[in-house]
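Structure first, then comments.
What you see is a predicted model; the values in this text were computed from it and never measured. Side chains are part of it too, since the values below use all heavy atoms of this structure and drop only hydrogens, waters and symmetry mates.
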Amino acid sequence: MAASAVTGPAPGLPASAAHRRERASTALSLQVGFVTTFLLVVVVLPIAAVVWKSTGNGWSGFWEVVSSPQAVAALKLSVISATLAVLTTAVFGTIIAWVLVRDSFAGKSLINAIIDLPFALPTIVAGLVIMALYGPRTPLDVTIGSFHFDADITFTRTAIYVALLFVTLPFVVRTVQPVLIELDRELEDAARSLGASGFTTFRRIVLPAILPGVLSGVAMAFARAIGEIGAIVLIAGNLPFKTEAASIHLFYRIEQDPEGAAAVAVVLLAISFGVLLGIGAVRWHVTRHERG
């Protein structure tokens, strides 16, 4: 009687290399399929639905909505406010990250916790916090004789700027901190020993190393700021052509004109995506020498 053919590895023996590769390939395919399905359901399909909804009145209706003077003014205000806030947090966030990494002082752990507070607070609570300090009848109102200082900035564009500073600051700090921790300080010591000033050392050694982290934080901060509503809806008000940001314009429009609100949302998505691509290109250019 002929011996039966062996179709697999003998019990107790390790699997063949081909069998292991086949199992690894199957596991990889399952992982890729899971990730693709998850992104499709959570990200791609909702965005596609918004784009489809925005064309409910046709492309002519889409253009009529997004090119209306009120929508254009709201979009401009959002872009300008987000840009100013992000540029400010890029500078001060880097300084704060530097202090937290390079210096030791009492209360450092508390400051680290405070940095993450805008992440933990609901955005509407952030708006209330800002209004409590910079709204009418706040502790900052000071009257000394004939001198009166009024800290009320409610219903102004300054209020939008301050609110966006509050919600975007942690992004740059938290992306720069790990880079500074991993940065080899021997290079800085060598530069100083060769006579380089502190500013020159920072510009030639530290800044190129942390710039990718700064850009990553800026990209995430801008994406957050351009569509922020909770932190600004209370303190900014809804004054068309003055303090009406795009997110607020979208919010008040959605009940009476869902298609128009979706059109404004698509423009905000396009702006955010374009900025992310632009910053990504700059980041790729900055780090090209690391891939060479």
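- Using modelled atom types, one finds no donor on one side chain facing an acceptor on the other under 3.5 Å when comparing Thr156 with Tyr161.
- Between the side chain of Thr36 and the backbone N or O of Gly33, no donor-acceptor pair lies under 3.5 Å.
- Phe62 places none of its side-chain heavy atoms less than 4.5 Å from the side chain of Asn57.
- Within the 3.5 Å criterion, the main-chain N or O of Trp52 finds a donor-acceptor partner in the side chain of Thr55.
- Counting non-hydrogen atoms of other residues, nucleotides and ligands closer than 6.0 Å to CZ of Phe241 gives a total above 12.
- The CG atom of Leu45 sits 4.0 Å away from atom CG of Leu40, with the distance rounded to the nearest 0.5 Å.
- Val214 is not connected to Val99 by any chain of hydrophobic side-chain contacts under 4.5 Å among Ile, Leu, Val, Met, Phe, Trp and Tyr, and they are in different clusters.
- In this structure, the separation between CG on Leu100 and CD1 on Ile111 is 6.5 Å, given to the nearest 0.5 Å.
- One finds the OG1 atom of Thr200 at 9.5 Å from the CD1 atom of Ile205 (value rounded to the nearest 0.5 Å).
- For the atom pair CD1 of Ile47 and CG of Leu269, the computed distance is 5.5 Å after rounding to the nearest 0.5 Å.
- Contact between Val173 and Ala97 at its shortest, heavy atoms only, is O-CB, 3.9 Å.
- Side-chain contact between Ser216 and Arg283 is present, with at least one heavy-atom pair separated by less than 4.5 Å.
- Counting non-hydrogen atoms of neighbouring residues, nucleotides and ligands closer than 6.0 angstrom, the NZ atom of Lys76 reaches no more than 12 such neighbours.
- Between atom CG of residue Leu117 and atom CG of residue Leu169 there is a gap of 11.0 Å, rounded to the nearest 0.5 Å.
- Tracing side-chain contacts under 4.5 Å through hydrophobic residues (I, L, V, M, F, W, Y), one reaches Ile226 starting from Val50; they form part of the same cluster.
- Going from atom CG of Leu211 over to atom NE2 of His285 covers 10.5 Å, rounded to the nearest 0.5 Å.
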Requested in this report: Please assess Leu183 against Val179 for the test side chain to side chain contact (heavy atoms under 4.5 Å, CB included), listing each intermediate value before the final yes or no.
Outcome: CA-CA 6 Å; Leu183 186 63; Val179 182; 5.6 Å; no
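- Other residues, nucleotides and ligands place no more than 12 heavy atoms under 6.0 Å from the CD atom of Glu64.
- Within 6.0 Å of CZ in Arg203 there are more than 12 heavy atoms belonging to other residues, nucleotides or ligands.
- Remark: Phe119 pairs with Asp116, Pro170, Phe171, Arg174 by the side-chain contact (heavy atoms from CB on, under 4.5 Å) rule, at least two apart or across chains.
- Looking at Val86 and Met220, their side chains never come closer than 4.5 Å, going by heavy atoms from C-beta outward.
- Asp257 is listed as a side-chain neighbour of Val65, based on a closest heavy-atom distance under 4.5 Å.
- Heavy atoms from other residues, nucleotides or ligands lying under 6.0 Å from CZ of Phe38 number 12 at most.
- Contact detail for Ala221 and Thr168: the closest heavy-atom pair is O-CG2, 3.5 Å.
- Remark: side-chain polar atoms of Lys53 are not paired, donor with acceptor, to backbone N or O of Ala263 under 3.5 angstrom.
- Among residues at least two apart or in separate chains, side-chain hydrogen bond (donor to acceptor under 3.5 Å, both in side chains) pairs with a member in residues 222-236 are Arg224-Glu228.
- Shown here for Leu268 and Ala246, the closest heavy-atom pair between the two residues is CD2-CB, 3.8 Å.
- Counting heavy atoms from C-beta outward, Phe222 and Ile271 have side chains that approach closer than 4.5 Å.
- Tested against Val162, the residues Ile160, Thr158, Leu164 include a single side-chain contact (heavy atoms from CB on, under 4.5 Å) partner, Thr158.
- In this structure, Leu239 and Glu244 have side chains that are not in contact, with every pair of non-hydrogen atoms separated by 4.5 Å or more.
- Tracing side-chain contacts under 4.5 Å through hydrophobic residues (I, L, V, M, F, W, Y), one never reaches Phe273 starting from Val282; they form parts of separate clusters.
- Val206 has its side chain within reach of Leu180: a pair of non-hydrogen atoms, C-beta onward, lies under 4.5 Å apart.
- By the rule that hydrophobic residues join a cluster once side-chain heavy atoms approach within less than 4.5 Å of another member, Leu128 and Ile248 end up as members of one cluster.
- Neither side chain, Arg157 nor Thr243, offers a donor N or O lying under 3.5 Å from an acceptor on the other.
- Both Ile232 and Leu133 are members of a single hydrophobic cluster when ILVMFWY side chains are connected at heavy-atom separations under 4.5 Å.
- In this structure, the side chain of Ser54 does not engage the main chain of Glu259 through any donor-acceptor pair within 3.5 Å.
- Within the 4.5 Å cutoff, the side chain of Phe166 has heavy atoms near those of the Ile130 side chain.
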